[in-house]
Every structure is written in C-alpha cells, then in structure tokens.
**Q** 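Input: one structure, supplied below.
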Amino acid sequence: MFKAPRGTADTLPEEQPYWRYIEEKALETCRLYGYGRINTPAFEDAGLFARSVGEGTDIVNKEMYVFKDRSDNELALRPEGTASACRAYMEHGMDNLPQPVKLFYFADIFRYERPQAGRYRQHHQFGCESIGDPSPMVDAEVIHMSRNFFLSLGLRNFSLQLNSIGCQNCRPGHLKKLIDYFAPLGPRLCGDCQARLERNPLRLLDCKKPGCQAAAEEAPKSADYLCDECGAHFESLKSYLQALGIGFVLNHRLVRGLDYYTRTVFEIQPAEGGSQSALGGGGRYDDLITMIGGKPTPAIGFASGMERIVLNLKSQCIAVPQPAKPAVFIACMGGDARVEAVKLAAVLRDGGIAVISSSGERSLKAQLRLANAAGVKYAAIIGEDEVKAGTVMLRNMETGEQQETQPDELLKLAGSGQ
RNA sequence: GUGAGUGUAGCCCAGUGGUCUAAGGCGCCAGGUUGUGGCCCUGGAUAUCGAGGGUUCAAAUCCCUCCACUCACCCCA
C-alpha cells in the first residue's frame, strides 16, 4: 500500500478547523497592518535560494529538494518563502510602487530533514515581508504584528527573543572577535563547533552542547560591536518596542540559520519546548535583493510555522470554531420515495440549506442512526405514505417530535433555524 | 547523516515459547417493532501479529537483517 512520504502528512477533515482558524486570524492581522497577499510557485530556480539563503547553509547544502526538469532546468522546491517574495518584487517592478511594499503568503515549504515533533519535510508557513523601507519603525511594526498574530490566536506564554547581528560593515569586526575568543578554546569545543569556527563563527553561539553553551555565554556579543548606524537602528527599535509595551528578551546568542539576515533578528518561542521549536521568526535582510541581482533595497520579514501553531493551540487547549452541521438529513424508503428525496434535497439546497441524504438502501432505523451521528436538527422522512400524500414527515432530532409537512414549509422551517 | 525507543484489526491496546484457529475497548455493520435516532442489550465483520530469514518438536513471543514510525541531535517554522 502507498503511504504518504516521510515527513509529510495528510490534514484530515477533523484537523481542518485549526487550519481555518489560523488562516482567518492571519488574514485579519494582515488586513490590520496593510499587507497584500501573494502566491508564488512551489519551486524556483535553485540558484535563487543558493544565492540568498547562502551556499554554506544547511538549508541549501543538505536540505533542499533540487531536481532537474525535462528541459534540464535546475529547480528547487522552496525551502523558505522570503527569496520568492523578493524575486517577485523585482520581477514585477514593485520597486516602482510606493515603498514599502507589504506582502504576505501562505506557502508550503520543503526541507529534506529527519522529521520529529513540529518538524516536517513539507510544512506550511504564514509569512509576511515589508520591502523597501529601512526605518526601525518598520522593524517595530513587523514585530508588533507577529506578536499580535499569536495573541489573536489565543496563544500565551511565548517570549520574544531579540538581537541585532549588524551589517556588512560591522559584522566582520564581531566575527573576528568571536574567532579570537573561541580559537584558544580549540579542543574544548565540540567537533561541530571546531568546524564552525572556520565556516561560520556566528553559529558557535547556537550550539546546544553544555560545554559550548557555557563558552558562548561569555562570548563577544554582536550588539556590542555594531557600527554607529546599526547601533542607532537597534536602539530606536528597542525604544519603539518599549513604547508599544512589547516585552522582549535580549538574546545575544540568537543568530539565524540563513545568510541574508542583517541587523534585527527575532524569534517567537513558546514557554515550553526546546529552542528548536520556535513558533515563528524573522529579521531584516537589507542585502538580500542585491544578492539576487537587484538594487539595494532594505526589507524585513517574518514567518511562522502552521504545524507548530496547531501543536501549541492543542497543548494550550484553545478551542477553535467548528463547522456548522448540516441542517437536514433526508431518509427514504422505496423506489418512488427516492425520487422525491432527490427532488427535496435539490429544493432545500437551492434554498441555501445544507442537506445530507441517504440512498435509502438501509432500514429507516439505520438511516436515522446516520442522521443522529451527523448531528442534524431535522430528519425528513419520505416513505410510501408520504409519496402518496405529497408530504414529508419532518422529525425534530432534538425533541423527537415529528409532523407531516409540505416541502415548501420544510424549507421555511429549516431556513429559519426553528 | 547520528543516537534511542516502538511496530498486534480503521483507532487505542492485552498478550514475553505450547491452552493464540490472538483477548478487550472505541469505531463500523446488523438485530432487539410492522417505517423511527441518541442510552442499553445481543450478534457480526475486520489482524498475512511491520517484512524476510534463522533457532526450536513448537514463535506474536527468542536471534539476525531490512523497513517503517516516534523522539532526540544537527538545523530550522
């Protein structure tokens, strides 16, 4: 038998209310902040991600689904959403629009990883990007928006982790300090970290190994080595957040796994669950558009993982709206009754009433059991007597009362919800 | 890619060498009225015991290999 590929999942009808709920809250949040929806392809030129996310990152190196199509184009299933949004921004000349351009999306994201709790090979992100404005006001607004999105979902007890990793001008200085700090520790670092020292010293801060963690705590902080511009940007962002009453945790070890981030980086972390279970995260990426061949364009974005939100909604026992049950179940007995049942279902549906019906193969008892299981308010029963009389036996499933009715009366009754 | 754990019906699971032609619960189907649901009662269907190989007179149960799932690491949403 076929099974869904590893790391993918079917979202069955009973799960859908969670997704619908999240989508509605996201849509409302985007409306409040003036974001417009964009859909981009599930796959792109592989180079788009290699250039933006970074050749040296795990995402590009070992997690990206790359393939050649029949014309030998090198394509990749998108491993994140920002690069596509920026590509679309450039491709459609959105730099000629009033800036910033604010886009949001729901996208499936593909990464070849070992699945575990809250992590899948295909997962879904709600993300937003504000492109074209360098002001820290925008940073504050994006952070405010992401926080309010989670609050609107009813989620509580999450923290906002914040850091600034500087820009092309000041980051090299910090990196050098980091190397100077970590290099003498050499053999006391774990194997991974010794490799990271060469490849990407920032990542050393991220290591979960106790020994490295202790070392990372004392390491030079990027925020201490910001250039004047980055420092001023970070300071005013913090003052905006304070003015908005948004609490945050300065986390100098918060670096993100994508190369394109500059200055502001942030993450929303649930109270419970490890550091790898972030509900969402984002940051500024002022260099990304130049990395993929555009003119210098400042931007900042945020993305959240739908599956992780569902997990947290459940663990926090947040009830989500359930879809309405159909109003009427039509039961029938006998061949002539079936014709009447089909006609009645059509009349009711034309009148906007949700109807489910039985094909009449089973006993009335069995049909009513189905009606009960479906949670309908009314069962409309059509047997030989009703066919002869041109009526319908209407049974109220809540009270058990029933009465003969005309089809058009039934329409009125069910429509009024009485 | 690495490490640990788990694999028995649609779902939850009992069972650790013979009494297992595999128990129970949920769900499903039917019956308990001649045209009537929800509770209750009765009956029924559904399991190549993850797959393959081995040990043994005898394997769901022991051994080996493989596969899948889960959790954790790496990294991220």
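On a predicted model such as this, the values are computed, not experimentally measured, just so you know. Chain letters run A, B, ... following the sequence lines, proteins first, then strands; residues in each count from 1.
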**Q** For the side chain of A:Glu113, counting heavy atoms from C-beta on, which of B:G35, B:C71, B:A77 is nearest?
**A** B:A77
**Q** Does the side-chain hydrogen bond (donor to acceptor under 3.5 Å, both in side chains) test come out yes or no for A:Tyr33 and A:Asn148, once each step is laid out?
**A** CA-CA 11 Å; A:Tyr33 289 80; A:Asn148 280 11; 3.2 Å; yes
**Q** Counting side-chain heavy atoms from C-beta on, which of B:G37, B:A77, B:C71 comes nearest to A:His123?
**A** B:A77
**Q** Ignoring hydrogens and angles, answer whether the base of B:U2 and the side-chain atoms of A:Arg114 contain a donor-acceptor pair closer than 3.5 Å.
**A** yes
**Q** Under 4.0 Å from OP1 or OP2 of B:C28: is there any side-chain N or O of A:Arg369 that close?
**A** no
**Q** Give the nucleotide from the list B:A30, B:A77, B:G35 with an atom nearest to the side chain of A:Arg362.
**A** B:A30
**Q** Between A:Lys365 and B:G37, is there a contact of a side-chain N or O with OP1 or OP2 at under 4.0 Å?
**A** yes
**Q** Syn if the chi torsion is within 90° of 0, anti otherwise; quick check, which is B:G38?
**A** syn
**Q** Does NZ in A:Lys221 sit with more than 12 non-hydrogen atoms of other residues, nucleotides or ligands closer than 6.0 Å?
**A** no
**Q** CZ of A:Phe106: more than 12 outside heavy atoms within 6.0 angstrom?
**A** yes
**Q** Which listed nucleotide (B:G35, B:A72, B:A77) is nearest to the side chain of A:Asp385?
**A** B:G35
**Q** Hey, is the side chain of A:Gln402 pairing donor to acceptor with the base of B:U36 inside 3.5 Å?
**A** yes
**Q** With heavy atoms under 4.0 Å as the rule, sort A:Lys3 into base, sugar-phosphate or nothing.
**A** sugar-phosphate
**Q** Please give the distance between the P atoms of B:A72 and B:C62 as a whole number of Å.
**A** 28 Å
**Q** A:Arg6 side chain N/O closer than 4.0 Å to the phosphate oxygens (OP1, OP2) of B:A68?
**A** yes
**Q** Do A:Glu386 side-chain and B:G35 base share a donor-acceptor contact under 3.5 Å?
**A** yes
**Q** Heavy atoms from C-beta onward define the side chain here; which of B:G35, B:A77, B:U36 lies closest to that of A:Met333?
**A** B:G35
**Q** Want to settle it: does A:Ala366 or A:Gly281 sit nearer the 5' end of RNA chain B, counting the closest nucleotide to each?
**A** A:Ala366
**Q** Any salt bridge linking A:Arg78 with A:Asp108? Criterion: basic side-chain nitrogen under 4.0 Å from a carboxylate oxygen.
**A** yes
**Q** Considering only the C1' atoms, how many Å lie between B:C40 and B:A45, rounded to the nearest integer?
**A** 22 Å
**Q** Using a cut-off of 4.0 Å on non-hydrogen atoms, how would the nucleic acid contact of A:Leu258 be classed: base, sugar-phosphate, or nothing?
**A** sugar-phosphate
**Q** Is the count of non-hydrogen atoms from other residues, nucleotides or ligands lying under 6.0 Å from A:Glu384 atom CD greater than 12?
**A** no
**Q** May I ask you to verify if any side-chain N or O of A:Ser363 is less than 4.0 angstrom from the OP1 or OP2 atom of B:G31?
**A** yes
**Q** For B:C71, does either OP1 or OP2 sit under 4.0 Å from a side-chain N or O belonging to A:Gln116?
**A** no
**Q** Can you give one letter per nucleotide of nucleotides 44-49 of chain B, 5' to 3': B if a protein heavy atom sits under 4.0 Å from the base, S if only from the sugar-phosphate, - if neither?
**A** ------
**Q** Would you mind checking if A:Glu28 and A:Arg31 are paired as a salt bridge, meaning a charged N to carboxylate O distance below 4.0 Å?
**A** yes
**Q** Name the orientation class of the two ring planes belonging to A:Tyr112 and A:Tyr65 (parallel below 30°, tilted from 30 to 60°, perpendicular beyond 60°).
**A** perpendicular
**Q** Once you apply a heavy-atom cut-off of 4.0 Å, does A:Phe126 come out as touching a base, just sugar-phosphate, or nothing?
**A** nothing
**Q** Return the 5'-most residue of the pair A:Pro115, A:Tyr112 with respect to RNA chain B, ranking by each residue's nearest nucleotide.
**A** A:Tyr112
